[in-house]
Chemist: 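Here it is: the structure, laid out below.
Residue numbers begin at 1 in each chain, while the letters A, B, ... track the order of the sequences.
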2 protein chains.
Amino acid sequence: MTNLIAGLRAEGRRLTRPRKAILDVLEKSKYPLSAADVHARLKREQVAVDLVTVYRTLAVLKKLGLIAQVELGEGQFRYESRHGREHHHHIRCRGCGRIADLMLCPLKKLTALVERETRFTVEEHSLEFFGWCPKCQ
Amino acid sequence: MTNLIAGLRAEGRRLTRPRKAILDVLEKSKYPLSAADVHARLKREQVAVDLVTVYRTLAVLKKLGLIAQVELGEGQFRYESRHGREHHHHIRCRGCGRIADLMLCPLKKLTALVERETRFTVEEHSLEFFGWCPKCQ
DNA sequence: CTCTTAATTGCAACTTGTTTGCATTTACCA
DNA sequence: TGGTAAATGCAAACAAGTTGCAATTAAGAG
């Protein structure tokens with residue numbers, strides 16, 4: 001939340017109720033949420049925020065680096081808070097859609113190798129697994 | 001192409017001109033293509049196939065395991081042929097959108113670890129890098 | 001504390017990517 | 001060489017995400 005205030009201020013942006021509420025929803029979630037998910041949870045909490053505002057706020061939070069965008073083969077984006085959470089990855093069940101965190105990342109060395117080989121500058125990577133959870137096997 | 005015929009036949013499906021043409025477009029491409037990309041290339045080659053047929057064919061080819069679906073943070077799917085190509089990953093430039101192959105994958109051991117820790121069965125993974133290519137840096 | 005103003009929001013409409021329904025066409029086996 | 005189920009094209013629907021604009025509001029200036 002401190003990061004939110006500082007980040008917004010640094011860009012001449014404002015701290016609003018929707019922004020606090022949306023970041024709060026993401027911080028409370030155990031797995032990444034779509035814009036529609038966030039919107040639904042806000043409604044459940046009696047916080048009236050338009051879906052469009054959710055989209056716009058997610059874009060802002062992403063630009064501030066407070067949340068990460070995740071793709072899990074669903075044709076939509078999900079977002080998760082970065083606050084107090086280590087860099088990590090996910091696995092998604094092809095049966096029930098359950099998403100679990102994988103608290104690991106073996107890509108430090110590989111990233112250096114990729115930069116050397118491709119001459120790209122690497123800014124980010126995504127690593128996701130897909131399979132079947134115990135219940136769905 | 002042999003795989004296409006065999007795979008289709010095994011499911012009581014048919015070998016058609018659109019299917020051949022679409023697989024051919026994917027096999028010729030150096031990077032993964034979206035449905036719209038495939039459609040545009042077919043048109044350029046004077047092959048009249050509806051975009052809907054492209055979508056349906058991509059679904060079939062994917063189910064047959066002849067092509068792989070790729071997500072590169074664009075809000076759309078891309079597809080690439082698997083024929084004669086080793087398992088690999090990609091890097092995409094945030095400036096110009098250029099996509100390059102990364103002919104490497106260090107995830108064998110990690111996959112085993114993930115399966116042990118999560119008790120999921122891992123069927124697939126995605127690993128993509130994002131950054132800036134030499135021209136855009 | 002109030003005023004001013006630019007940032008933010010909500011609503012409606014739109015765009016883009018993808019899917020579905022259905023009548024017509026076509027691959028392929030008897 | 002048909003007959004028949006599979007595949008296609010077209011129109012329409014759907015879903016995720018974006019844009020334009022008038023109304024609202026955060027927050028610094030006075």
Chemist: Which nucleotide, C:dA6, C:dT9, D:dA6, lies nearest any side-chain atom of A:Pro18?
Modeler: C:dT9
Chemist: Under a 4.0 Å N-O cut-off, is there an ion pair linking A:Lys63 with A:Glu11?
Modeler: no
Chemist: Whole angstrom is fine here: how far is it from NE2 in A:His39 over to P in D:dG17?
Modeler: 14 Å
Chemist: Considering only side-chain heavy atoms of B:Ala35, which listed nucleotide, C:dT18, D:dA6, C:dG10, is closest?
Modeler: C:dT18
Chemist: At under 4.0 Å between heavy atoms, what does A:Leu51 touch on the DNA or RNA strands: base, sugar-phosphate, or nothing?
Modeler: nothing
Chemist: Hey, is the side chain of B:Tyr55 poking within less than 4.0 Å of OP1 or OP2 on C:dT19, counting only N and O atoms?
Modeler: no
Chemist: Send over the distance from A:Glu74 CD to C:dT18 C1', rounded to a whole Å.
Modeler: 15 Å
Chemist: Considering heavy-atom distances to DNA chain C, does A:Thr57 or B:Phe77 have its closest nucleotide positioned more toward the 5' end?
Modeler: A:Thr57
Chemist: Mark yes or no for a side-chain to base donor-acceptor pair under 3.5 Å between A:Arg56 and D:dG20, with no hydrogen or angle criteria applied.
Modeler: yes
Chemist: Grab the CG-P distance between A:Leu4 and C:dT8 for me, whole Å please.
Modeler: 11 Å
Chemist: In terms of heavy-atom contacts, does CZ of A:Phe130 have more than 12 from other residues, nucleotides or ligands at under 6.0 Å?
Modeler: yes
Chemist: Going by heavy atoms in the side chains, are B:Lys62 and B:Ile67 under 4.5 Å from each other?
Modeler: yes
Chemist: Within the structure, does a side-chain N or O atom of A:Arg14 lie under 4.0 Å from either OP1 or OP2 of D:dT25?
Modeler: no
Chemist: Do the side chain of B:Asp101 and the main chain of B:Met103 share a donor and acceptor less than 3.5 angstrom apart?
Modeler: no
Chemist: Starting from P on C:dT9, measure out to CG on A:Leu42 and report it in whole angstrom.
Modeler: 12 Å
Chemist: Could you check which of C:dT18, C:dG10, D:dG9 has an atom nearest any side-chain atom of B:Thr53?
Modeler: D:dG9
Chemist: For D:dA7, does OP1 or OP2 lie under 4.0 Å from any side-chain N or O of B:Arg19?
Modeler: yes
Chemist: So, are B:Asp24 and B:Lys28 salt-bridged, with charged N and O less than 4.0 Å apart?
Modeler: yes
Chemist: How close or far is atom C1' of D:dA16 from atom CG of A:Leu72, stated in whole angstroms?
Modeler: 16 Å
Chemist: Look at all strands and tell whether A:Ala48 reaches a base, only sugar-phosphate, or nothing, counting heavy atoms closer than 4.0 Å.
Modeler: sugar-phosphate
Chemist: Is the phosphate of D:dA26, meaning OP1 or OP2, less than 4.0 Å from a side-chain N or O of A:Thr16?
Modeler: no
Chemist: Take atom CZ of B:Arg17 and atom C1' of C:dT25, then tell me their distance rounded to the nearest Å.
Modeler: 14 Å
Chemist: Which comes earlier along DNA chain D counting from the 5' end, the contact point of A:Ser34 or that of B:Leu8, where each point is its nearest nucleotide?
Modeler: B:Leu8
